[in-house]
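Data block below; observations after.
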Amino acid sequence: MNIGEIIQQGVVEGVKRLYGAVVSIDQVAISTTRKEFEGDYTVVTFPFARLAGKKPDEIAQELGEYLQREVHEIARFNVVKGFLNLVVSDHFWVRFLESMYQNPQYGQHPAKGEKVMVEYSSPNTNKPLHLGHIRNILLGWSSVQLLQAAGYEVVKVQIVNDRGIAICKSMLAWQLFANGETPEKAGIKSDHLVGKYYVLFEKRFQEEYKNWQQSEAGVQVYAQWQQNEKNLQKANKWVEDEQKKAAEKGNDVAVLELTPDRYFFKEVYKNTYFNEYSSLGKAAKEMLLRWEAGDPDTLALWRQMNNWVYQGFDATYAKLGVTFDKIYYESNTYLLGKDTVDKGLAQGVFYQKEDGSAWIDLTDAKLDHKLLLRSDGTSVYMTQDLGTAQMRYQDFGAKRMVYVVGDEQNYHFQVLFEILKRLGEPYADGLFHLSYGMVDLPTGKMKSREGTVVDADDLIEEVIREARVNSEERANISDLEKAEQEQIIWSIGLAALKFFILKVQPKKRMLFDPKESVDMQGQTGPYVQNAFVRIRSVMRKAAQEPQAASGNYETLESIERELLGQVYAFPSLVATAAEELDPSTIANFCYDLAKNYHRFYHDYSILNAETEGAKAFRLRLSEAIGHTLQFGMALLGIEMPEKM
RNA sequence: GGUCCCGUAGCUCAGCUGGAUAGAGCAGCUGACUUCUAAUCAGCAGGCCACAGGUUCGAAUCCUGUCGGGAUCACCA
């Protein structure tokens, strides 16, 4: 039983003894005491006022006396306006510290014997990873660590979208314009080479489209469309909105060509043009058909380009320090799920229209009807996801699955989970969509086709560069081996980046300011690392001393109690964070703990403490905090250097 | 239009299972390195917690509505 529960239990008994009233344990509101008052934990006595027929202050006083007498962990108490502040005995804290300060695994929960699968990253293979993937990857990796710490066995998977029109665009552009260029010849990272041709395809397509817009056919199509009053209104509204946006950002409205026909060609007609008129579009679609037909040359090109992309991805994953246990490829899974549809039809969960298409009616769950199989019998995205879920369950038997996917797919996953539930799948109740908000840039939304993305590799390079500059300025590690220096610089740079992204609640949309992301002071990863480095430095010095400090420590300083309270709360925080899959709580915890430690470190001497007892205590406290910080940051995928 | 998410300091974010005077960081201004690493610490300044109702002894937190921002609602993935 932890101290919070002991207090709650004591209050329940106290209320019963003193007032003859029965309250349940979860009716006892308990929180950590605010800094400005003396105490570790605070009991709110307002809810008992009616039961006891007394004023909160009186109750607090009487309960305080009772607890001090009956619960030996409680040393003293004070009452402020109905709040009962309890001081936990120094003995309790010292004993707690004894029990854990040498445990580097403090925070790890015992094995549950349950398996969880986590799917994350899940990129397309037509271009390199960007900032959005980084948020996904970091959230995924951190979720894996959290679940493991909570005692689950975790399987890490990703599903790679290696087929479809997007990769065909890259392939086609490479075929048409590359003259056999390879990553080696061009001297660029292999996934960036593929991305280069994807962008080139878009560029050429835009040129082609622009020409067509000025052709007779283009002019005519627009003329016809704008005859409809409503269409024109929409277009004008778009122009207005865009102008307003541009003005707010201080962009030059004149260069943006914000006219009604731009709206039409950009927002309305582009897909139709691509599908019906564009020669490039046509060629890409033909390539997709050849791929589906299994044409050997097309497949060979497809394999080559995909391999380039995988090589590049692997390098990026390695830099970020993440791994996968199994990779699924859509080229293998895109036909899956038809069995599931058959099963659903047989069960009467799905229904069929006259044209042969299969559907499910989810209107009673406020989710509308959903297509599961096209009338020609081919799969859609949903079909595929049903099949993959099934396949993964067969592969690993995990009754819980976590999908790390952006929040634009909230609806999709709501539907997917509802369907699996109705099919009565054994894992249906363990499905979780870890939904995260989009990453915005100060300049606006990221669009890969318009080149406004932040590339993952560039970003990592930038943050490492910044770490290097900072490190060289300080010269704290300049006497180390070059390789060791590099390792430290990498850990600092990555800490800055990872912490910056993970400290924000996943479901919130976040603004990514490149300048702030490379900050290494204040509420940042390196700040937390620095607290650890200070601890390690003290430990190294202490280890050199002839005899270990020992002796009793009588009265804890309030900052020491606060630190112990934080460390004490850590394991249950890990459990909650794992249950809610929210790494931000861990990031904020690590920051708060580091902040308090920095303050403690500044205000009190450890090695030159007043007494041997105080010294021994503070060394242990430091070691405990060191372990907690290291374990906590590892949950975020952040390493802690010995020196920095 | 339906559904879902978000709105807290100039900026980026905590706090949200209801509790005391709403917290950090950045940016701005002051100060502290002969001392265990100053990637640190201390201080100043900065708030109708979008708005309006409701529930409650008590609301940033729960409920309803309004406004603002975003996502989504394909025989695309």
Side-chain angles (χ1 to χ4, degrees), chain A residues 26 29 31 33-34 36-37 42 44-47 49-50 56 80-83 85 124 161 163-166 271 330 334 353 355-359 366-368 370-382 384-385 406-412 414-415 435 437-438 440 442 445 467 470-471 473-474 476-477 492 495-496 500 503-505 507-513 515-517 519-531 533-542 584-585 587-588 591-592 594-595 597-599 601-609 618-619 622 643-644:
Chain A
D26 44 294
S31 55
T33 304
R34 295 179 65 116
E36 55 269 37
F37 304 108
T42 295
V44 184
T45 59
F46 290 93
R50 195 166 296 161
V80 183
K81 288 194 287 183
F83 293 90
N85 301 322
N124 293 342
N161 181 11
R163 59 178 285 277
I165 194 74
N271 278 339
E330 283 197 10
Y334 80 108
K353 284 192 180 170
D355 62 6
S357 56
W359 296 75
K366 284 163 74 172
L367 288 172
D368 221 332
K370 184 77 192 175
L371 174 84
L372 300 169
L373 208 57
R374 292 194 189 100
S375 49
D376 62 7
T378 56
S379 318
V380 290
Y381 181 36
M382 189 59 76
Q384 196 186 120
D385 262 7
D407 64 4
E408 68 273 11
Q409 292 197 39
N410 282 355
Y411 183 77
H412 173 79
Q414 248 182 301
V415 171
S435 160
M438 201 165 279
D440 289 316
K445 205 167 165 175
N470 274 280
S471 181
E473 267 173 23
R474 284 161 233 267
N476 285 333
I477 56 167
I492 296 171
F500 183 78
K503 73 179 178 186
V504 181
Q505 259 179 47
K507 77 169 173 182
K508 288 205 179 178
R509 219 181 152 93
M510 70 174 288
L511 184 80
F512 186 89
D513 187 335
K515 277 206 299 286
E516 281 180 36
S517 73
D519 265 355
M520 315 230 161
Q521 276 147 36
Q523 198 180 50
T524 67
Y527 174 97
V528 181
Q529 288 179 317
N530 188 228
V533 163
R534 286 176 141 186
I535 290 170
R536 297 306 304 156
S537 177
V538 171
M539 291 303 161
R540 279 195 300 274
K541 277 242 163 78
S584 73
T585 58
N588 288 311
Y591 172 71
D592 287 338
K595 186 175 161 63
Y597 188 80
H598 277 308
R599 187 155 63 90
Y601 181 93
H602 181 266
D603 292 349
Y604 296 90
S605 182
I606 296 162
L607 294 174
N608 295 315
R618 285 177 190 164
L619 279 170
S622 296
K643 298 177 179 176
M644 69 189 281

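So you know, we letter chains A, B, ... as the sequences are listed, proteins then strands, and number each from 1.
- Residue A:R34 has its side chain nearest to B:G23 when only B:C36, B:A39, B:G23 are considered.
- A search for ring pair (Phe, Tyr, Trp, His ring centres under 6.0 Å) contacts involving A:F83 returns A:F46, not counting sequence neighbours.
- The side chain of A:Q521 approaches B:U40 more closely than any other nucleotide in the set B:U40, B:U21, B:G19.
- Take A:D376 and apply the side-chain hydrogen bond (donor to acceptor under 3.5 Å, both in side chains) test, not counting sequence neighbours, and it matches A:T378.
- Among the nucleotides B:C26, B:C41, B:C75, the one closest to the side chain of A:D519 is B:C26.
- Qualifying side-chain hydrogen bond (donor to acceptor under 3.5 Å, both in side chains) partners for A:D407, counting only residues two or more places apart in sequence or in other chains: none.
- A:S375 places no side-chain N or O within 3.5 Å of a backbone atom of A:G356 that could act as its donor or acceptor partner.
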*Under a cut-off of 3.5 Å for both distances of each Watson-Crick or G-U pair, what dot-bracket string does RNA chain B give, using [ ] for crossing pairs and | for inter-strand pairs?*
(((((((..((((.....[...)))).(((((.......))))).....(((((..]....))))))))))))....
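- For A:E36, the side-chain hydrogen bond (donor to acceptor under 3.5 Å, both in side chains) partners at least two apart in sequence or on another chain are A:R34.
- Picking from B:A77, B:C73, B:C41 the nucleotide with the shortest atom distance to the side chain of A:D368 gives B:C73.
- Nearest to the side-chain atoms of A:P526 among the listed nucleotides B:A38, B:A39, B:C73 stands B:A39.
- Counting non-hydrogen atoms under 4.0 angstrom, A:I492 reaches a base of the nucleic acid.
- Of the side-chain N and O atoms in A:R534, one or more sit less than 4.0 angstrom from OP1 or OP2 of B:A38.
- Among the atoms of the strands shown, none is found under 4.0 Å from any heavy atom of A:T378.
- The side chain of A:V538 approaches B:C36 more closely than any other nucleotide in the set B:A39, B:G25, B:C36.
- The side chain of A:F83 approaches B:A20 more closely than any other nucleotide in the set B:C5, B:A20, B:A39.
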Which protein N or O atoms sit under 3.5 Å from an N or O of nucleotides 30-35 of chain B?
none

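- Residues that satisfy the salt bridge (Lys or Arg N to Asp or Glu O under 4.0 Å) test with A:R540, not counting sequence neighbours, are A:E642.
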*Summarise protein proximity over nucleotides 9-17 of chain B in one line of letters, 5' to 3': B for base, S for sugar-phosphate only, - for none, counting protein heavy atoms closer than 4.0 Å.*
---SSSS--
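- By the ring pair (Phe, Tyr, Trp, His ring centres under 6.0 Å) test, A:F37 is found to be paired with no residue, residues two or more places apart in sequence or in another chain being considered.
- With a 6.0 Å cutoff to the six-membered ring centre and a 45° limit on the axis angle, A:R534 does not count as a cation-pi contact of A:Y597.
- The ring pair (Phe, Tyr, Trp, His ring centres under 6.0 Å) search around A:Y411 returns none, not counting sequence neighbours.
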Provide a list of protein-nucleic acid N or O atom pairs under 3.5 angstrom, restricted to nucleotides 56-65 of chain B.
unit_1, atom_1, unit_2, atom_2, d
B:C57, OP1, A:R50, NH2, 3.0

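- Scanning for side-chain hydrogen bond (donor to acceptor under 3.5 Å, both in side chains) contacts around A:N530 gives an empty result, with sequence neighbours left out.
- Relative to the side chain of A:K366, the nucleotides B:C75, B:C36, B:C4 differ in distance, and B:C4 lies closest.
- Checked against B:C4, B:U72, B:A20, the side chain of A:E408 finds its nearest nucleotide in B:U72.
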